[in-house]
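Comments concern the structure below.
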Amino acid sequence: MPHLTLEYTSNLRGAADFQRLFSNIHTGMMSTGEFSLNDIKSRAHETTEYVIGDGDIGKSFVHLKVALLAGRSQELKQVVGDLCLQALREAYQKELTNGGCQLCVELLDIHRENYFKALA
């Protein structure tokens, strides 16, 4: 924990370097002192079926869900949300400049009693 799941529209394929993006986010999260590097897990999924607003195919979105174990302070969540959004801005700078791209970060609480993990 935490788990990061990035969903992006197919018209953004190849726009971001996911290794660099996730590395930047992992480094930022580590800098808070609240997370262990080996516990941060990130993945990206391309969305091929979507409609944004009026259906203009030139529009795009990137939605990053960050799942944290419940009990983190609102201050920490604000820091994590801000650093994630900044990393997305850097990764998708060109797309933001061209317009029609939306970046979102959503922080989710996972209740400890509902999270199960096995280590090998």
With clusters defined by side-chain heavy atoms of hydrophobic residues (ILVMFWY) lying less than 4.5 Å apart, directly or transitively, does L85 cluster with L76? yes

Once you round to the nearest 0.5 Å, how far does CG of L88 lie from CG of L64? 5.5 Å

Run the numbers on L21 and L6 for side-chain contact (heavy atoms from CB on, under 4.5 Å), then give the verdict. CA-CA 11 Å; L21 169 62; L6 186 139; 3.7 Å; yes

Under the salt bridge (charged side-chain N to carboxylate O under 4.0 Å, His left out) rule, what pairs show up with a residue in residues 58-72, not counting sequence neighbours? E34-R72, D54-K59

Distance in Å, I25 CD1 paired with R20 CZ, rounded so as to fall on 0.5 Å steps: 12.5 Å

In terms of hydrophobic clusters joined by side-chain contacts under 4.5 Å, are V105 and I52 together? no

Are L107 and M30 in one and the same hydrophobic cluster, where Ile, Leu, Val, Met, Phe, Trp and Tyr link if side-chain heavy atoms are under 4.5 Å apart? yes

Starting at CD of E106, measure out to CD of E7 and round the result to the nearest 0.5 Å. 10.5 Å

Could you check F18, F61, Y50, Y92 and say which one makes a ring-ring contact (aromatic ring centres under 6.0 Å, His included) with Y8? F18

How long is the gap from CG on L68 to CZ on F35, to the nearest 0.5 Å? 5.0 Å

For the residue pair N11 / T9, report whether a side-chain donor-acceptor contact shorter than 3.5 Å exists. yes

Which pairs of donor and acceptor atoms, one on a side chain in residues 94-102, lie under 3.5 Å apart (sequence neighbours left out)?
| from | atom 1 | to | atom 2 | distance (Å) |
| --- | --- | --- | --- | --- |
| T97 | OG1 | Q93 | O | 2.9 |
| N98 | ND2 | K94 | O | 3.4 |

Please lay out, stage by stage, how Q78 and Q74 fare under the test side-chain hydrogen bond (donor to acceptor under 3.5 Å, both in side chains). CA-CA 6 Å; Q78 185 68 50; Q74 186 56 44; 4.6 Å; no

Just checking, any donor-acceptor pair under 3.5 angstrom between side chains of T5 and H45? no

Could you walk me through whether V80 and V66 satisfy the side-chain contact (heavy atoms from CB on, under 4.5 Å) test, starting with their C-alpha distance in whole Å, then the side-chain angles of each, then the deciding distance to 0.1 Å, before giving a yes or no? CA-CA 9 Å; V80 170; V66 181; 4.2 Å; yes

Examine L37 and L4 and state if one hydrophobic cluster contains both, with Ile, Leu, Val, Met, Phe, Trp and Tyr joined whenever side-chain heavy atoms are less than 4.5 Å apart. yes

Is the number of heavy atoms from other residues, nucleotides or ligands under 6.0 Å of L69 CG greater than 12? yes

Got a list of side-chain donor-acceptor pairs under 3.5 Å for residues 110-120, not counting sequence neighbours?
| from | atom 1 | to | atom 2 | distance (Å) |
| --- | --- | --- | --- | --- |
| Y115 | OH | H3 | NE2 | 3.0 |
| K117 | NZ | D39 | OD1 | 3.3 |

